[in-house]
Amino acid sequence: MIALENSTLTGKSFTKKMNIHKLKKGRGEPYPLEIVDIMGIESTDGGIKHEDIIKAFLGHISDEYIFNPGAAITDHDPKYKKNPTLRDKVHCLVCILSADSVSRMDDKVFDELRLVRESASLLGISQVIVMTKVDKACETVSQDLNKIYYSKKIKEKVDNCNDNMGIPLNAIYPVKNYSESIIQDLAIDMLLLTALRDILNFANDYVERELEKDEA
């Protein structure tokens, strides 16, 4: 997962280190799913190195490694995994973009994202975009989330991502964040769960392909 920025005000990545989140059931038993959060891409030289993204794809970077914007991880680093397993590798690339700022993103960021996508494609990793904060980008959607697929503004944002990154329209998921409310909302949940379901399917397809290679 690539988290692009902390906020539209700073344009800086909030994540500074490798964070592996294990999703757990009610009694603490983990689901067979891990979300790997890495440092974001920036228009300046302060973001993650492209080499680190590739090494994260390949499972070489351990949890809690602190990214260095000035230099990529080396195989001498204590957090470097020399012999990663299939479980350590990234099975689906998820780019997190904010709908209210995507049209103002620097071309350099889109250029870097395209390079990341090309690298993922060479490794057989599927890519999706989760477009957050749709309610901040469209007043109509802010008032009624059920109108998200009828919003011209949201359609423009989705098309913008498609044009600049080449990711298919059906792999771009507009969602609303639980940023201002802690009360569960079915409309919000449906968007989030649809994105998660498809991400899991993409990830499962990758794992099956890799296992078939081992058996061949």
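When side chains are defined from C-beta on, Y80 does not count as touching T74, because their heavy atoms never get closer than 4.5 Å. By the 4.5 Å heavy-atom criterion applied to side chains, N164 and V102 are not counted as neighbours. For the pair D135 and L145, the minimum side-chain heavy-atom distance is 4.5 Å or more. Proximity of K89 to L123: side-chain heavy atoms (C-beta onward) are nowhere separated by under 4.5 Å. Taking the side chain as every heavy atom from C-beta outward, L115 and E112 approach each other to under 4.5 Å. I53 is not listed as a side-chain neighbour of S119, based on a closest heavy-atom distance of 4.5 Å or more. Taking 4.5 Å as the limit, every side-chain heavy atom of K133 sits out of range of all side-chain heavy atoms of S101. Proximity of H50 to V116: side-chain heavy atoms (C-beta onward) are separated by under 4.5 Å at one or more points.
Here the NE2-CD1 distance, from H60 to I54, works out to 11.0 Å after rounding to the nearest 0.5 Å. The line from CZ of R104 to OG of S98 is 8.0 Å long, rounded to the nearest 0.5 Å. Taking SG of C95 as the start and CE of M131 as the end, the distance is 11.0 Å to the nearest 0.5 Å. Rounding to the nearest 0.5 Å places CZ of F110 at 9.5 Å from CG of D163. Here E64 contributes atom CD and N19 contributes atom CG; the two are 7.5 Å apart, rounded to the nearest 0.5 Å. Separation of atoms CD (E29) and NZ (K22) is listed at 13.5 Å; rounding is to 0.5 Å.
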Side chain to side chain contact (heavy atoms under 4.5 Å, CB included) between L196 and L33, worked out: CA-CA 11 Å; L196 181 58; L33 165 69; 4.2 Å; yes

When you look at T140 and S151, which way does the side chain to side chain contact (heavy atoms under 4.5 Å, CB included) test go after all the steps? CA-CA 7 Å; T140 300; S151 168; 5.7 Å; no

Take I167 and C161, measure what side chain to side chain contact (heavy atoms under 4.5 Å, CB included) needs, and give me the verdict at the end. CA-CA 7 Å; I167 288 183; C161 289; over 6 Å; no

Passes salt bridge (charged side-chain N to carboxylate O under 4.0 Å, His left out), E210 versus K213? Steps please. CA-CA 5 Å; E210 292 299 301; K213 289 180 185 178; 3.0 Å; yes

Run the side chain to side chain contact (heavy atoms under 4.5 Å, CB included) check on F67 and K49 step by step: do they pass? CA-CA 8 Å; F67 292 102; K49 288 288 185 182; over 6 Å; no

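Cluster annotation: Y149 is connected to I154 through the hydrophobic network of ILVMFWY side chains, with a link wherever side-chain heavy atoms come within less than 4.5 Å. Note on V128: it clusters hydrophobically with L169, by side-chain heavy-atom contacts below 4.5 Å among ILVMFWY residues. Side-chain heavy atoms closer than 4.5 Å link hydrophobic residues (I, L, V, M, F, W, Y) into clusters, and following such links, even through other members, never connects F57 to L122. In the hydrophobic clustering of this structure, I199 does not group with M190; members are Ile, Leu, Val, Met, Phe, Trp, Tyr whose side-chain heavy atoms approach within less than 4.5 Å, directly or through other members.
Put simply, the side chain of K155 never gets that close to the backbone of Y150: no donor and acceptor are under 3.5 Å apart. Within the 3.5 Å criterion, the main-chain N or O of L86 finds a donor-acceptor partner in the side chain of H91. Under a 3.5 Å cut-off, the side chain of Y178 and the backbone N or O of D185 do form a donor-acceptor pair. Under the 3.5 Å distance criterion, the side-chain polar atoms of R117 are left unmatched by any main-chain donor or acceptor of Q127. Between the side chain of D88 and the backbone N or O of T85, at least one donor-acceptor pair lies under 3.5 Å.
The one candidate from N177, I148, D100 that meets the side-chain contact (heavy atoms from CB on, under 4.5 Å) condition with V134 is I148. None of I20, V90, L23 except one satisfies the side-chain contact (heavy atoms from CB on, under 4.5 Å) rule with E34; the exception is I20.
Annotation: K24, atom NZ; neighbour count of heavy atoms from other residues, nucleotides and ligands within 6.0 Å does not exceed 12. Atom CZ of R209 has more than 12 heavy atoms from other residues, nucleotides or ligands within 6.0 Å. Within a 6.0 Å sphere centred on CG of N83, other residues, nucleotides and ligands contribute 12 heavy atoms or fewer.
Counted by atom type alone, D198 and Y173 present one or more donor-acceptor pairs between their side chains at under 3.5 Å. Judged by distance alone, the side chains of S103 and K157 do bring a donor and an acceptor atom under 3.5 Å apart.
Between E156 and K153 there is no salt bridge, since no side-chain nitrogen of the basic residue lies less than 4.0 Å from a carboxylate oxygen of the acidic one.
Taking all atoms of both residues into account, the shortest heavy-atom contact from Y65 to A72 is OH-C, 4.4 Å. A pairwise comparison of heavy atoms in M18 and D63 identifies O-OD1, 3.1 Å as the closest pair. When all heavy atoms are compared, the tightest approach of G59 to P84 is O-CB, 3.2 Å. In terms of heavy atoms, Y206 sits closest to G124 at CD1-O, 3.3 Å. When every heavy atom of R114 is checked against every heavy atom of M165, the shortest pair comes out as CG-CA, 4.0 Å.
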